[in-house]
Amino acid sequence: MLLIMGLNHLREWIAPGYKPFNKDRTLKPRPPGTAEELSWKIAQLAEFNTLRLLCNHNKHTKNDLARKLQTQYDAPLMSQWGKLSDVSTLSDGPPTDYLIDDENVLDAIKTVLDFYRSEWFSRSKT
């Protein structure tokens, strides 16, 4: 969750105060500034919005996320765990994937990381 919260808020730290959406949740016209343009572009990524909704759902402890949340588990073998104290349930085994609407959250994280890497961190600072 720490990574998801950081990826969600990085857009706000890059373009402080800029909001890419109107009050009716429609996307504003493309802005001219570099930081604001990045914020506008990432707001259009479905994967970013998945992470944003998940972040806000957890941050504000809201129970109104109208999406199917699911955890997938590996084989329920005690040998899969490092320490017995790490086991929360013996019937499921260790978690292997976290899904939102049958989409892997790790795939969304990778897409958003790749976006920041290509659109912000690797650009020329001249």
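It should be emphasised that the depicted structure is a prediction, and the values quoted were computed from it without experimental measurement.
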Task: Heavy-atom pair with the smallest gap, counting every atom of L51 and I4 - done: O-CG2, 3.6 Å
TODO: Mind checking side-chain contact (heavy atoms from CB on, under 4.5 Å) for T111 and listing every partner two or more places apart, or none if nothing turns up?
DONE: E47
- [ ] Check side-chain contact (heavy atoms from CB on, under 4.5 Å) between D114 and all other residues, then give those that pass, not counting sequence neighbours.
- [x] K110, R117
Open item on the list: Looking at every non-hydrogen atom in both residues, tell me the closest pair between L7 and Y116 and how far apart they are.
Closed with: O-OH, 3.0 Å
Open item on the list: Which Ile, Leu, Val, Met, Phe, Trp or Tyr residues join W40 in one cluster when any pair of side-chain heavy atoms under 4.5 Å counts as a link?
Closed with: Y18, F21, L27
Task: From CG (L54) to OH (Y98), nearest 0.5 Å - done: 11.5 Å
- [ ] Write down the atom of C55, the atom of N8, and the distance for their closest heavy-atom approach.
- [x] SG-ND2, 3.4 Å
Open item on the list: With heavy-atom distances below 4.5 Å as the criterion, would you say the side chains of I109 and L106 are in contact?
Closed with: yes
- [ ] Could you grab the distance from atom CD1 of I42 to atom CZ of F115, nearest 0.5 Å is fine?
- [x] 4.5 Å
Task: Expected output: side-chain N49 to main-chain Q44 donor-acceptor under 3.5 Å - done: no
Task: Atom pair OG1 (T50) and CG (D107), whose distance is rounded to the nearest 0.5 Å - done: 11.0 Å
Open item on the list: I need the full list of salt bridge (charged side-chain N to carboxylate O under 4.0 Å, His left out) pairs touching residues 21-42, with sequence neighbours left out, sorted by first then second residue.
Closed with: R30-E37, K41-E119
TODO: Compare every heavy atom of S39 with every heavy atom of A15, then report the nearest pair and how far apart it is.
DONE: CB-CB, 4.1 Å
